Amino acid sequence: MKEISKHYNPQEVEPKWREFWEKEGIYRFNPKAKGEIFSVDTPPPYVSADHLHAGHVMSYAQAEFVVRFKRMRGFNVYYPMGFDDNGLPTERFVEKKYKINRSKISRSEFIKLCLEETKKGSENYRKLWTLLGISVDWTKTYSTINKHCRRISQWSFIDLYKKEKIYRAKKPILWCTACRTAIAQADLEAEEKESNLVYIKVKVETGDEIVFATTRPELLPACMGISVHPNDKRYKKLIGKKITLPLTKKKITLTADVATDMKYGSGVVYYCSYGGGECIEWLSRHPEAKAIELVLPNGRFSKNGGSYEGMKVLEARKKIVEDLQKAGAIEKIEPIKHSVYVHERCGTDVEYIESEQWFIKLLESKKEFLKRGQELKWFPKTMKRIYDEWVENLKWDWCISRQRYFGVPFPVWHCAKCSEVILPDEKDLPVDPLEEQPRIKACPKCGAKVFLPEKDVFDTWQTSSLTPIISQKLMGDAATQKKLYPSSLRPQAFEIIRTWLFYTIVKSHYHHNHLPFANAMISGHGLDEQGRKISKRLGNYIPPEKIIEEYGADAMRYWATGATLGQSLRFNILEVKKGRRTTTKLWNVARFMAMHEKKPKLIANSDHLERADFWILEEMDKTIAEVTKNFENYTYAKAKDKIDDFFWSKLADYYVEFIKYRLFGEDKKSKDAAIRTLTTVFFNVIKMYAPIMPFVTEEIFQTFFKGAEKSKSIHLSGWPEEISASGGKAADISDFKEAIKAIDEIRKFKTEKGISLGIDIKSLKLKTKVNLKKYGDFLKKAGRVKKIT
RNA sequence: GGGCGCGUAGCUCAGUUGGUUAGAGCAUCUGUCUUACAAACAGAGGGUCAGAGGUUCGAGUCCUCUCGCGCCCACCA
């Protein structure tokens with residue numbers, strides 16, 4: 001054995017084991033290995049995040065603790081890693097970073113930049129994950145824009161199209177004028193904004209004047225109708241009468257609509273195409289009204305805007321209010337705060353425009369999705385509510401087409417003559433219709449020979465909702481694939497339940513009619529030390545690399561273990577420091593153990609064990625049982641507390657002190673029993689710590705326990721089992737806690753007298769009631785008192 | 001507007017099905033270099049369990065209301 005260093009130094013130790021794990025392929029998946037498969041549907045992070053912080057560490061470490069536990073429990077773990085790179089976040093990141101205007105750069109040039117950036121991003125992640133010792137199999141990786149994923153994503157589209165779960169339609173959709181693309185309901189975010197409620201007066205042909213209130217006066221040129229409640233006494237007599245709108249002088253008919261709230265504002269609503277979802281619904285109830293296209297995809301007014309043509313929405317709002325005021329058509333303006341929908345990626349107010357898009361049907365299957373949610377095992381259970389509420393409140397089918405560049409292309413051509421949808425053969429996937437032509441030479445419907453490529457790309461979730469299948473198909477053979485999907489575990493954060501989790505369930509349900517994963521483990525957020533969200537803008541974080549450099553990856557992970565599922569966790573440097581101290585303490589106990597015995601000797605039989613040995617073994621068994629249970633339930637924070645308590649407060653503070661007199665004494669049998677007990681207990685302690693602190697435990701395993709178990713790494717060794725040595729023929733130690741109380745009393749006595757605990761005192765009269773016949777000798781020697789009465 | 005969660009020591013949090021005197025870590029104070037560890041150890045002080053009411057022999061724990069914080073959802077123009 002090489003010389004054992006006095007201090008544990010993570011900066012030296014950690015790189016060594018990183019290299020070892022990589023070289024030896026410790027975490028590599030072997031389909032032929034024994035054990036039940038435990039497959040993880042690892043979240044593929046958006047690689048556009050160039051600033052990784054404690055929150056990222058926390059959310060990825062959670063799956064890692066469980067995975068390492070499962071691996072030691074004998075499961076054959078499949079833990080791949082993916083990166084989500086396509087889609088809006090990346091495009092926006094690239095646009096911002098290079099300050100480019102997407103319309104002034106070619107599609108291929110733009111994609112090239114995106115690919116370069118995402119490569120950097122994924123390397124960032126990989127570097128940090130490797131530093132942290134995240135035990136993924138780096139030979140099993142994917143990126144959502146690579147060929148493998150494009151193929152599966154396009155296959156998914158074709159399969160659902162054939163199953164009639166996908167359709168194309170021209171209808172009012174949600175639109176982001178900044179990103180210039182259609183978006184889905186899941187991409188919306190409600191934001192509280194200040195606005196003005198403008199009360200506008202209109203003339204009725206009877207000579208009456210009525211007033212309606214709106215936050216969107218600029219849509220006046222697209223006004224299609226005005227409604228009141230049929231039972232509203234104020235307006236009943238005016239229903240059916242013509243109204244002349246100010247400015248446009250357009251005439252419309254006042255209609256009755258039960259959806260109108262008599263109590264809100266003036267009880268009069270005006271509808272425009274399209275002020276919001278309610279306008280679309282109103283249109284469906286009033287077939288006589290015709291939609292007017294006002295806001296164009298670029299966010300500017302169309303020629304239907306008359307003199308406002310070409311203005312942006314907010315400009316037009318200002319101008320129209322001014323003009324209305326001049327025309328004397330405004331009764332009053334009330335500043336209000338109300339929530340408006342914005343595009344969550346860019347914060348731009350969402351517009352509703354009419355456009356032709358692709359949709360995956362959701363609304364017709366709500367009940368089935370709710371049922372799937374019920375089948376899924378949620379950790380914590382309460383997270384299911386977020387899912388249920390989302391599904392229940394769905395208002396739109398899933399719009400999957402995006403008018404963007406950096407995404408998986410639709411595998412679709414349109415017949416130039418009859419618009420028939422032409423799909424490629426599945427064996428040709430992935431295809432890029434912009435660069436390829438379909439195999440068929442003529443349209444099967446009309447015989448025309450010209451095909452136009454579909455230019456849209458998929459919503460990024462169209463692809464990432466397939467991660468369990470993408471992961472599964474990274475393995476070549478069908479027999480293995482079958483075991484990998486559905487996945488055993490989906491770990492993820494709560495804020496993407498309505499997107500990633502929901503969409504994945506949708507896909508799996510439609511494609512294979514089962515759940516995509518059996519268990520969902522939902523994490524909360526990592527917050528800063530004051531409880532604020534960690535963000536680049538606030539700069540309220542220390543880069544994890546810095547923390548790791550100073551305290552070690554184990555210490556960083558130690559903090560992350562403190563998270564309770566579904567709850568936010570504040571970053572706490574003190575916890576990191578405690579983690580660092582724990583590594584030091586572990587190292588010191590290891591050195592102490594090795595001082596007395598070079599080779600690890602575990603308990604072989606219980607013949608010479610003494611009461612203190614039985615006591616610590618019993619405590620160990622209790623700890624193993626509790627820690628195991630907690631890891632099983634994903635409550636690793638509690639598991640950590642239990643291990644800490646046992647290790648610091650029972651093993652280090654008491655047991656080690658209890659056996660010093662035996663280790664330095666003459667009684668060989670007693671010494672042997674003590675060292676075997678210590679070795680056994682400590683071995684199990686480092687095994688229990690292994691999922692949390694893989695580096696220090698590996699170092700101790702390789703330095704001190706080589707030979708105790710033949711596995712190549714502690715992370716492939718077996719999880720501790722209760723040895724129940726204190727049961728059966730073992731001595732009765734139910735009164736051992738009295739002895740501990742007596743020890744406490746001795747310690748207190750010395751402390752209060754200012755005497756070092758290591759100094760022998762002549763005599764002490766104990767107040768604690770304890771069986772001196774049984775424990776007198778032990779108390780004298782362990783407590784260093786010559787005479788006890 | 002509806003729903004969920006939280007509020008326990010100066011700080012960060014544990015407190016399982018209601019049951020002796022409410023716990024831990026950090027911080028504070030006192031002592032100790034004890035043949036693993038001063039990055040440690042031994043000890044001490046510190047709490048109207050957000051507030052009010054109720055159920056009960058007994059409430060941090062169950063019920064009702066109030067206040068404060070966080071989050072999710074909701075087309076109110």
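Nothing here was measured: the structure is a model prediction, and the numbers come from that model. By convention in this document, chain letters (A, B, ...) are assigned in the order of the sequence lines, proteins followed by strands, and residues within each chain are numbered from 1.
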Enumerate the protein-to-nucleotides 9-15 of chain B contacts in which both atoms are nitrogen or oxygen and the separation is below 3.5 Å.
{"from": "B:U12", "atom 1": "OP1", "to": "A:Arg570", "atom 2": "NH1", "distance (Å)": "3.0"}
{"from": "B:G15", "atom 1": "OP1", "to": "A:Lys638", "atom 2": "NZ", "distance (Å)": "3.0"}

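Contacts of A:Gly754 with the nucleic acid, taken as non-hydrogen atoms under 4.0 Å apart, involve only primed sugar atoms and P, OP1 or OP2. A:Thr382 comes within 4.0 angstrom of nothing in the nucleic acid, heavy atoms only.
Under the 3.5 Å distance criterion, with hydrogens and angles disregarded, a donor-acceptor pair is assigned to the side chains of A:Asp744 and A:Tyr654. A side-chain donor-acceptor contact under 3.5 Å links A:Tyr689 and A:Asp644. In this structure, a donor-acceptor pair under 3.5 Å is present between the side chains of A:Asn9 and A:Glu12. Side chains of A:Gln62 and A:Tyr634: no donor on one and acceptor on the other come within 3.5 Å.
In this structure, A:Tyr636 and A:Phe65 have tilted ring planes: the angle between them lies in the 30° to 60° band.
Under the Watson-Crick and G-U wobble criteria, each requiring two contacts below 3.5 Å, nucleotide B:C41 is paired to B:G31.
Shown here are the side-chain contact (heavy atoms from CB on, under 4.5 Å) partners of A:Lys546, two or more places apart in sequence or in another chain: A:Ile542, A:Pro543.
If you check residues 575-585 of chain A against RNA chain B, the residues with a heavy atom closer than 4.0 Å are A:Lys578, A:Arg580, A:Arg581, A:Thr584, A:Lys585, listed by number.
For the pair A:Lys640 and A:Tyr558, the distance from NZ or CZ to the six-membered ring centre is under 6.0 Å and the angle to the ring normal is within 45 degrees.
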